[in-house]
Amino acid sequence: MEFEEHRPMLLGLAYRLLGSMWDAEDVVQEAWLRWQGVDRSEIKEPRAFLLTVVSRLALDQLRSARVRREAYTGPWLPEPVMTSEAGPLDTAELRDTLSYATLHLMERLSPPERAVFVLREAFELPYDQVAEIVGTSAANARQLHRRASVRLAEGRDRFQPSAADHVELVTKFMDAASGGDLAALTELLHEDVVAYNDGGGKVRAALRPILGRRKVADFLLGLRNKYGLSEAQVLDVNGRPAIWTRVAGHRQLVAFDIQDGRIAAIYGVLNPDKLTRLPPD
């Protein structure tokens with residue numbers, strides 16, 4: 001019973017560390033098995049114990065996952081999840097570290113940097129506890145956190161748009177793309193916008209990121225003119241609005257990063273293995 005009370009929080013932690021809910025569920029299941037095998041009378045703080053077990057299991061899995069992701073066909077993007085299934089979002093930090101853009105940026109970090117950042121930012125653990133979990137000193141944990149924060153800040157907007165502004169921009173994007181309005185679409189894009197497409201070798205997709213406002217706009221309208229966009233709707237995914245649509249007969253989730261009031265990154269997830277947690281047709 002005690003484990004089940006913490007399960008949503010543990011899933012949220014493992015997902016932030018791994019970027020995959022499939023892997024996160026495996027980690028939490030392994031943590032449950034370990035929980036069954038320990039003497040509960042010796043555990044003073046079950047939450048701290050379980051956070052430690054899940055973090056260490058996720059770290060081990062993340063190290064091996066990085067090798068697989070380097071051999072992945074095309075850009076590797078996180079598995080999107082419905083916001084309602086992502087665990088507690090009681091603080092701004094929990095919501096920010098769940099966002100699709102932040103999960104993607106965290107792929108730049110080493111496994112220890114990612115673990116320290118998530119445990120400190122999202123779960124507000126003291127440095128001595130973070131250090132114990134990661135297997136380092138408190139001073140090094142501070143350094144890892146500082147390094148991770150600097151690396152992530154390079155790719156994030158300091159001023160995040162409100163939920164209403166995010167919805168408005170995504171809706172305008174959907175209207176401009178479906179209507180084939182090049183001028184309107186280009187106006188919504190940041191000058192240095194990047195479009196990533198993850199087909200995983202299972203669905204045809206661009207194998208390299210597409211850079212720049214004009215190239216991205218031309219690419220999007222080229223898709224629209226060749227295949228059309230159908231059944232587009234806005235879903236609440238990873239704490240932000242995203243577009244759930246169909247292109248060339250394949251389902252696709254399109255998430256966004258917004259900076260300075262414009263779309264700075266577009267994440268198109270087409271790999272069907274990563275879309276199983278989204279609404280069925």
Side-chain angles (χ1 to χ4, degrees), residues 1-66 78-100 102-107 109-136 138 141-142 144-145 148-149 152 236-240 274 276-278:
M1 188 67 176
E2 205 161 19
F3 186 94
E4 294 306 317
E5 291 176 4
H6 295 297
R7 184 183 287 272
M9 179 267 294
L10 297 173
L11 272 173
L13 168 61
Y15 175 68
R16 286 168 175 80
L17 291 176
L18 295 166
S20 164
M21 191 58 83
W22 287 112
D23 291 338
E25 287 180 336
D26 288 344
V27 162
V28 172
Q29 181 62 21
E30 177 62 26
W32 181 83
L33 292 173
R34 296 194 180 192
W35 174 254
Q36 298 303 306
V38 299
D39 183 351
R40 313 288 171 76
S41 65
E42 296 182 358
I43 300 175
K44 296 180 180 179
E45 297 182 28
R47 181 179 185 272
F49 172 83
L50 292 170
L51 278 171
T52 299
V53 171
V54 166
S55 297
R56 289 176 178 172
L57 288 170
L59 262 173
D60 288 343
Q61 192 159 143
L62 182 59
R63 290 185 177 102
S64 61
R66 283 168 68 88
E79 176 193 354
V81 295
M82 297 295 292
T83 301
S84 58
E85 299 177 8
L89 294 174
D90 303 329
T91 65
E93 290 77 15
L94 279 169
R95 185 168 287 272
D96 180 59
T97 51
L98 178 71
S99 80
Y100 203 85
T102 301
L103 284 174
H104 181 251
L105 285 171
M106 283 198 288
E107 289 294 311
L109 306 179
S110 69
E113 286 173 343
R114 186 165 182 164
V116 168
F117 181 80
V118 169
L119 290 167
R120 180 66 180 165
E121 289 285 318
F123 294 87
E124 302 178 329
L125 298 187
Y127 280 112
D128 57 350
Q129 189 176 348
V130 172
E132 183 180 355
I133 291 173
V134 178
T136 188
R142 288 178 182 273
L144 288 169
H145 180 257
S149 298
L152 292 182
D236 190 0
V237 174
N238 288 80
R240 302 282 193 276
K274 297 184 179 183
T276 58
R277 296 174 191 281
L278 301 183

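Just the heavy atoms: all of them, side chains too, but no hydrogens, waters or symmetry mates, feed the values below.
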Would you sort out whether Ser55 and Thr52 count as a side-chain hydrogen bond (donor to acceptor under 3.5 Å, both in side chains), showing the intermediate values?
CA-CA 5 Å; Ser55 297; Thr52 299; over 6 Å; no

Quick one: does any side-chain atom of [X] pair with a main-chain N or O of [Y] as donor and acceptor, under 3.5 Å?
X: Arg120; Y: Leu125; result: yes
X: Asn238; Y: Val81; result: yes
X: Glu79; Y: Lys274; result: no
X: Thr102; Y: Asp96; result: yes

Going through the checks in order, is the salt bridge (Lys or Arg N to Asp or Glu O under 4.0 Å) test met by Glu107 and Arg114?
CA-CA 8 Å; Glu107 289 294 311; Arg114 186 165 182 164; 2.7 Å; yes

Nearest heavy-atom neighbours spanning [X] and [Y]:
X: Ala138; Y: Ala131; result: N-CB, 3.6 Å
X: Ala58; Y: Leu17; result: CB-CD1, 3.7 Å
X: Ala48; Y: Gln129; result: CB-NE2, 3.7 Å

Does a side-chain heavy-atom distance below 4.5 Å link [X] with [Y]?
X: Leu152; Y: Met106; answer: yes
X: Leu98; Y: Tyr15; answer: yes
X: Met82; Y: Arg277; answer: no
X: Glu30; Y: Val53; answer: no
X: Arg63; Y: Pro112; answer: yes
X: Glu5; Y: Arg47; answer: no
X: Ser20; Y: Pro78; answer: no

Glu45, CD atom: more than 12 neighbouring heavy atoms under 6.0 Å
no

Under the criterion salt bridge (Lys or Arg N to Asp or Glu O under 4.0 Å), I'd like the reasoning laid out for Arg16 against Glu121: C-alpha separation, chi angles, the key distance, then a yes or no.
CA-CA 11 Å; Arg16 286 168 175 80; Glu121 289 285 318; over 6 Å; no

Does NZ or CZ of Arg240 lie under 6.0 Å from the centre of the six-membered ring of Tyr100, at an angle within 45° of the ring axis?
no

How long is the span from the [atom1] atom in [X] to the [atom2] atom in [Y], to the nearest 0.5 Å?
X: Ile133; Y: Leu59; atom1: CD1; atom2: CG; value: 9.5 Å
X: Leu94; Y: Met9; atom1: CG; atom2: CE; value: 10.0 Å
X: Leu11; Y: Gln29; atom1: CG; atom2: CD; value: 10.5 Å
X: Thr97; Y: Phe123; atom1: OG1; atom2: CZ; value: 7.0 Å
X: Tyr127; Y: Leu144; atom1: OH; atom2: CG; value: 10.0 Å
X: Glu85; Y: Leu278; atom1: CD; atom2: CG; value: 8.5 Å

Using the ring of each side chain (for Trp, its six-membered ring), is Phe3 parallel, tilted or perpendicular to Trp32, with breaks at 30° and 60°?
perpendicular

Between Glu2 and Arg40, is there a side-chain N and carboxylate O pair less than 4.0 Å apart?
no

Step by step, work out the side-chain hydrogen bond (donor to acceptor under 3.5 Å, both in side chains) result for Glu113 and His145.
CA-CA 6 Å; Glu113 286 173 343; His145 180 257; over 6 Å; no

Testing Val27, Leu18, Val28 for side-chain contact (heavy atoms from CB on, under 4.5 Å) with Leu57, which one passes?
Val27

